[in-house]
Amino acid sequence: MERKLRHLRSVLDIESLYTAFVGHYDGSFNFLGESHEVWEIDVVLSGCVGITSGAEVYECQTGEMVVHPPRVFHTAWAKDAQNVDILTVTFMVRGGARYIPSGKFVLTPHEMSLACLLGEFISAQVSDQSSVNMQLNASQEQMLKNYLELLCLSLHLRRAE
C-alpha cells in the first residue's frame with residue numbers, strides 16, 4: 001500500500017519578540033498608555049483590569065485577553081483595590097497577520113492553558129521584564145514561538161466559527 005504524504009505549512013509566522021513578561025501590580029495600577037509598531041497581547045492571569053484598545057474600553061477578568069494590533073493606542077488599570085497579574089507579550093509578525101484577531105477574548109480552558117504555559121515559560125526565563133535579555137537556545141525559542149502562535153491561531157479559528 002502506497003502512503004501519501006501530507007505536507008504541512010505555516011500560515012502564521014511570528015518572527016520577533018520585543019517584550020514578554022508577567023507583571024504583578026497592586027490595586028493602584030494605572031498604565032497611562034502607548035502605541036507601537038508591533039502586536040501586543042495582554043492576558044489577565046488574576047484580578048480585574050480595565051483595558052482600552054483604540055476606541056474600545058474593556059473590563060477584563062481572570063482568563064480574559066485583549067489583542068492590540070500595531071499602531072493602536074492602549075491603556076490598562078486595576079478596576080478595584082485588588083492586585084492583578086497580567087501576561088504581556090509584544091511581537092512582530094512576518095506573515096499571516098490576518099490570523100491574529102484583535103479585540104477582547106474570553107479564553108477557553110485550552111487557550112488559558114496555552115497562556116499559562118507561555119507565562120510560566122517566560123517567567124522562568126525573564127527576571128527584569130525584558131525579553132531582550134532572555135538567553136534562549138534554539139529549541140526554547142521555538143517553544144515560545146509555538147505557544148504564542150498556537151494561542152493566536154486558536155482565537156482565529158474560534159472567531160472564524
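Excluded from the calculations below are hydrogen atoms, water molecules and symmetry mates; all remaining heavy atoms, backbone and side chain alike, are included.
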Nearest 0.5 Å, what's the [atom1]-[atom2] distance between [X] and [Y]?
X	Y	atom1	atom2	result
M112	L117	CE	CG	11.0 Å
L118	I41	CG	CD1	6.0 Å
N83	S28	CG	OG	9.0 Å
H36	F73	NE2	CZ	10.0 Å
Y99	S10	OH	OG	11.0 Å
F91	T19	CZ	OG1	10.0 Å

Look at [X] together with [Y] and state whether they make a salt bridge at an N to O cut-off of under 4.0 Å.
X	Y	result
K145	E141	no
E64	K104	yes
R158	E111	yes

Report whether [X] and [Y] are members of the same hydrophobic cluster (ILVMFWY, side-chain heavy atoms less than 4.5 Å apart, transitive linking).
X	Y	answer
V72	Y58	no
L136	L148	yes
V11	L157	no

4.5 Å side-chain heavy-atom contact, [X] and [Y]:
X	Y	result
V22	I86	no
P101	V67	no
M65	L155	yes
W77	V49	no
M143	F121	yes
R71	S35	no
E149	L151	no
C48	E59	yes

Kindly give the heavy-atom pair with the smallest separation between [X] and [Y], and that separation in Å.
X	Y	result
R159	S102	NH1-O, 2.9 Å
C152	L12	CB-CD2, 3.9 Å
G50	K79	N-CG, 3.3 Å
T75	G33	CG2-CA, 3.5 Å
H74	F31	O-CE2, 4.0 Å
V66	C60	CG2-SG, 3.6 Å

Evaluate side-chain contact (heavy atoms from CB on, under 4.5 Å) for V43 paired with L107, printing each intermediate quantity in order. CA-CA 9 Å; V43 180; L107 299 180; 3.9 Å; yes
Under the 3.5 angstrom rule, does the side chain of [X] hit a backbone N or O of [Y] as a donor-acceptor pair?
X	Y	value
S154	L150	no
S53	H68	no
E40	P69	no
T62	G47	yes

For R6 and L8: C-alpha separation, side-chain torsions, deciding distance, then whether side-chain contact (heavy atoms from CB on, under 4.5 Å) applies. CA-CA 6 Å; R6 171 71 185 212; L8 302 177; 4.1 Å; yes
Determine whether more than 12 heavy atoms belonging to other residues, nucleotides or ligands lie under 6.0 Å from atom CD of Q140.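 Above 12, so yes.
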Decide side-chain contact (heavy atoms from CB on, under 4.5 Å) for M92 and Y18; before the verdict, give the C-alpha distance in whole Å, the side-chain angles of both, and the deciding distance to 0.1 Å. CA-CA 8 Å; M92 180 72 78; Y18 288 89; 3.6 Å; yes
